Every structure is written in C-alpha cells, then in structure tokens.
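If you read the sequence from its start, that first residue is 1, and numbering goes on from there. This structure is a prediction, so every number in the text was calculated from the model and none was measured.
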Amino acid sequence: MSISYPLAEIAKAENDKDKFLAVYPMLRDEMLEHMAQQNEMPQEAIDWCRTMMDYNVPGGKLNRGVTVVAVHRTLVKANSNRELTDTEVARASVLGWAIEFLQAFFLVADDVMDASETRRGQPCWYKLPHVKNIAINDSFLLESYVFTMLKQHFGKEEYYIDLLELFLQVIQKTEFGQLLDLTSQEEGSDKGIDLTRFTLERYQKIVKYKTAFYTFYLPVAIGMITSRVQEEEAYVLARNICCQMGEYFQIQDDYLDCYGDPEVIGKVGTDIQDNKCSWLVIQALDRVTPEQRKILEDNYGQWDDAKVANVKALYNELNLVKVFEDYEERSYQSIQEALDKVTLMPRDVFELLLKKIYKRSK
C-alpha cells in the first residue's frame with residue numbers, strides 16, 4: 001500500500017501534541033482498510049472497530065506517544081544538528097501511536113480485570129451496555145493493530161526486526177508485571193487479606209515490569225533504534241534510568257489514586273477497595289503499631305465507603321503525604337545523579353521525560 005502522510009496538517013499544527021494528533025485519523029483508517037481489504041470484514045465490524053478505537057485510543061494525555069517524537073527530535077538534533085522534517089515527524093508519530101494503541105490494549109483489559117468504573121473521565125469501555133465482555137476481544141484487536149502498523153510503515157527498514165522484538169519484549173514484560181499485580185492477593189481466599197504479601201520488593205518488581213518498560217523505556221528505545229544507536233551499553237543505561245523514572249512515576253500514580261482530584265486525574269481511585277499492592281499501603285505497613293495494623297486488616301481491600309475512609313484516615317494519621325513528598329525529593333535527586341553519568345547519548349532525552357512527570361497532578 002502507498003502511504004500518504006498528512007503533511008499539510010502536521011505543518012499547520014502549532015505544537016507537538018497537535019502534530020501527533022494529526023496522524024491518528026490516517027492510522028485508524030488504515031486499520032479499517034486493512035480489515036476490509038485484507039480480511040473481508042463486513043461494514044458492521046468495521047464500524048464497531050472505528051467506534052472502539054475512537055473511544056479508547058486518542059483520549060489520554062498522549063505523553064508516551066508524543067515522547068517518541070521528542071526523543072527522535074533530540075537525537076537527530078544531537079547527531080545531525082538539524083530539525084525534523086514533517087515526514088520524519090509523521091513517521092515518528094506512527095511509532096508513538098503504536099505505543100498509544102498498546103496502552104489502550106492494556107487499559108481496556110485492565111479495567112475489566114479491576115472492575116473499574118471510569119477511565120479518562122468517561123465510563124470504561126466494557127461498562128457500555130452494548131460492549132461488556134466484547135471488550136476483551138477488542139483489547140486483543142488493539143494489540144494486533146500495533147503490529148499491522150509497524151509492518152505497513154516500517155516493514156522495509158533494516159531496523160524493522162529490532163522494532164518488532166522491542167515491542168514483543170515490552171508487551172511480555174508488562175504482562176509479567178500485571179501478573180504480579182493481580183496475584184498480590186489470593187483470589188477467592190476466605191482467610192481475608194494477607195498483608196504480608198505486600199512487600200517493597202514485590203512492589204518494585206510490579207512497577208518495573210508493569211509500568212516502567214512501556215511508559216519510559218519503550219519511547220526512548222524506539223527513538224534510539226530509529227536513530228541507529230548501536231551500542232548495547234547505551235540501551236542498558238537507558239533501561240536503568242527509565243526503570244528508575246518508572247518507579248517514581250508509579251509511586252506518584254499510587255499517591256494520586258488516593259489524594260488526587262478525580263476531576264483532574266480523570267478517574268476515581270480504587271486502589272484501597274481493589275486490595276492493590278500500592279506504595280501507600282506498603283509505607284503504612286512499615287510504620288503501623290499493632291493496633292493500627294488491625295485497622296488495615298479490617299478495612300483494606302473492601303468495597304465499602306466507610307472502610308475506605310478508615311484506611312484514608314489511618315494514612316493521614318501516619319502522615320503519608322509528607323512521606324511521599326520526602327520520597328519525591330530524594331528520588332528526583334537520585335535520578336539527577338544518574339543523569340550526570342550519561343555520556344553515551346544526549347541527557348536531554350531523559351530530561352524531557354523527567355520534566356513531564358516531576359510534581360505532576362495527573
């Protein structure tokens with residue numbers, strides 16, 4: 001198929017996010033065309049998928065996708081001292097959208113698994129009366145589109161296999177993280193919750209695998225592959241710094257789940273009810289008296305507003321807001337120190353990620 005990128009729209013757009021958004025309709029329509037022409041799908045299936053993509057893919061903050069373009073720009077500037085052409089912006093945007101489709105796949109499935117109510121300020125896809133469990137297959141479709149996109153736009157590039165392997169590896173790592181998260185408590189156990197399973201070590205593994213690889217390492221590694229960075233140690237360094245940022249990002253997320261404004265973050269936090277291995281509960285367990293521990297045991301992990309309020313009251317008693325603020329400062333300093341050691345590639349690549357997340361409110 002011949003590809004015509006929306007170059008006029010990209011040239012007109014005033015910022016990275018708008019340039020990035022200009023590429024979405026093209027990709028969505030290519031996926032629908034692929035269904036119709038290569039796979040004999042009837043109009044009804046095509047209409048379903050158009051609605052499903054529009055509902056689930058472009059509505060988020062788009063940080064991961066836009067980051068791919070920013071990383072690519074930073075590396076081209078450092079290596080060739082020039083700006084990106086509109087075609088380069090379009091092609092980097094395709095890779096950014098591949099991550100956003102991946103994110104949509106994870107979130108649609110995650111919401112079913114967590115029995116969540118809202119996502120990005122609207123009802124979760126599976127909560128729509130005509131969707132329900134069809135959402136599970138829809139999540140598989142979103143994942144499959146990632147690979148259709150990569151093949152259509154990058155199948156002839158010498159680095160195509162590297163991109164393919166990167167996506168496959170990151171998807172698997174994210175699913176390993178999800179497994180650790182979902183099994184932090186025994187399902188269907190009548191023994192009540194087992195707080196001893198909530199350890200910092202387990203938490204750090206969940207975060208590294210479930211969040212850090214696809215949120216931080218993937219956008220950076222894509223930019224490195226397409227800019228032809230070859231040195232293995234550059235990838236190891238990027239992975240280490242990205243995992244550190246990923247931990248910081250997820251701890252912020254856990255904090256915002258409890259203390260963020262639902263109007264701002266676009267969802268109502270449910271980590272306490274969901275019995276999640278959250279950073280806040282781990283910090284609480286580290287500080288509680290036996291009496292306070294009993295409050296956690298009796299109230300955590302239950303869909304009961306009064307019990308959730310008891311847990312939040314205990315968090316306030318333990319001054320977890322201050323604990324988080326202290327952690328945030330220490331973590332930021334420690335990431336800065338790691339960045340001071342970066343010589344193999346421009347540190348701006350990581351600075352732009354850090355700028356986006358430091359002291360965020362959503």
Side-chain angles (χ1 to χ4, degrees), residues 106-119 124 126-127 133 135-136 173-212 246-262 265 267-328:
F106 292 142
L107 297 185
V108 168
D110 199 41
D111 286 341
V112 177
M113 292 181 245
D114 286 347
S116 298
E117 294 289 325
T118 56
R119 165 76 62 188
C124 299
Y126 85 96
K127 293 296 278 185
N133 279 349
I136 298 170
K173 284 184 186 306
T174 307
E175 289 163 353
F176 287 155
Q178 178 72 342
L179 173 69
L180 288 181
D181 192 15
L182 293 168
T183 55
S184 352
Q185 291 289 308
E186 287 180 52
E187 278 288 312
S189 162
D190 50 10
K191 296 194 289 281
I193 64 166
D194 179 2
L195 295 175
T196 60
R197 292 172 71 88
F198 291 155
T199 63
L200 190 57
E201 184 189 7
R202 184 187 191 92
Y203 178 80
Q204 286 169 324
K205 272 213 175 71
I206 291 172
V207 169
K208 179 177 179 180
Y209 283 85
K210 186 180 169 177
T211 302
E247 184 173 303
Y248 170 46
F249 177 83
Q250 185 59 49
I251 289 171
Q252 281 178 317
D253 229 41
D254 290 359
Y255 173 79
L256 291 170
D257 186 273
C258 182
Y259 291 104
D261 176 352
I265 61 176
K267 63 179 181 182
V268 177
T270 57
D271 284 358
I272 293 171
Q273 297 92 312
D274 276 332
N275 202 5
K276 279 289 162 92
C277 182
S278 154
W279 186 77
L280 292 170
V281 77
I282 289 166
Q283 296 306 312
L285 286 166
D286 214 22
R287 294 167 168 75
V288 286
T289 63
E291 294 74 24
Q292 289 172 322
R293 187 183 178 95
K294 180 90 175 74
I295 294 174
L296 272 181
E297 282 166 354
D298 293 345
N299 293 276
Y300 199 77
Q302 296 179 55
W303 285 82
D304 173 329
D305 289 349
K307 293 189 171 185
V308 172
N310 290 340
V311 174
K312 288 189 175 182
L314 177 60
Y315 285 178
N316 290 336
E317 213 177 297
L318 295 167
N319 208 356
L320 291 192
V321 171
K322 175 84 170 82
V323 174
F324 169 74
E325 287 166 351
D326 291 347
Y327 162 80
E328 184 163 51

Do Phe198 and Asn275 pass the side chain to side chain contact (heavy atoms under 4.5 Å, CB included) test, and can you show the C-alpha distance, the side-chain angles, and the key distance before you say yes or no? CA-CA 10 Å; Phe198 291 155; Asn275 202 5; 3.5 Å; yes
Does Thr270 form a side chain to side chain contact (heavy atoms under 4.5 Å, CB included) with Trp303? I'd like the steps, not just the answer. CA-CA 9 Å; Thr270 57; Trp303 285 82; 3.7 Å; yes
Begin from the C-alpha positions of Val323 and Tyr255 and carry the test side chain to side chain contact (heavy atoms under 4.5 Å, CB included) through to its verdict. CA-CA 10 Å; Val323 174; Tyr255 173 79; over 6 Å; no
Where do Ser184 and Ile206 land on the side chain to side chain contact (heavy atoms under 4.5 Å, CB included) test, with the steps shown first? CA-CA 10 Å; Ser184 352; Ile206 291 172; 4.3 Å; yes
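The side-chain heavy atoms of Tyr248 and Glu328, taken from C-beta on, include a pair separated by under 4.5 Å.
Closest approach of Glu247 and Val207 over heavy atoms only: CA-CG1, 3.4 Å. Closest heavy-atom contact between Cys277 and Tyr203: O-CD1, 3.1 Å. Contact record, Val288 with Leu285: CG2-O, 3.6 Å, taken as the closest heavy-atom pair. When all heavy atoms of Tyr315 and Ala284 are compared, the pair lying nearest together is CE2-CB, 3.8 Å. Residues Val308 and Gln302 approach most closely at CG2-O, 3.9 Å, considering heavy atoms. For the pair Tyr126 and Ser116, the tightest heavy-atom approach, listed with the atom from each and the gap, is OH-O, 2.7 Å.
Note that CG of Asp181 is 14.5 Å distant from NZ of Lys205, once rounded to the nearest 0.5 Å. The CG atom of Leu318 sits 5.0 Å away from atom CD of Gln292, with the distance rounded to the nearest 0.5 Å. From Leu280, atom CG reaches atom CG of Leu314 across 11.0 Å, with rounding to the nearest 0.5 Å. Atom OH of Tyr300 is separated from atom CD1 of Ile272 by 6.5 Å, given to the nearest 0.5 angstrom. The line from CG of Asp271 to SG of Cys258 is 8.5 Å long, rounded to the nearest 0.5 Å. Of the inter-residue distances, the one linking Leu320 atom CG with Asp254 atom CG reads 11.5 Å to the nearest 0.5 angstrom.
Every pair passing salt bridge (Lys or Arg N to Asp or Glu O under 4.0 Å) that includes a residue from residues 290-310 is listed here, sequence neighbours excluded: Arg293-Glu297, Lys294-Asp298.
For Asn299 (side chain) and Ile295 (main-chain N/O), a donor-acceptor pair under 3.5 Å exists by modelled atom type.
Remark: Thr211 pairs with Gln250 by the side chain to side chain donor-acceptor pair (under 3.5 Å) rule, at least two apart or across chains. In this view, Leu107 and Gln103, Arg119, Arg120 satisfy the side chain to side chain contact (heavy atoms under 4.5 Å, CB included) rule, not counting sequence neighbours.
By the 30° and 60° cut-offs, the orientation of the rings of Phe324 relative to Trp279 is perpendicular.
Of the charged side-chain nitrogens involved, at least one lies within less than 4.0 Å of a carboxylate oxygen, so that Lys276 and Asp114 count as a salt-bridged pair.
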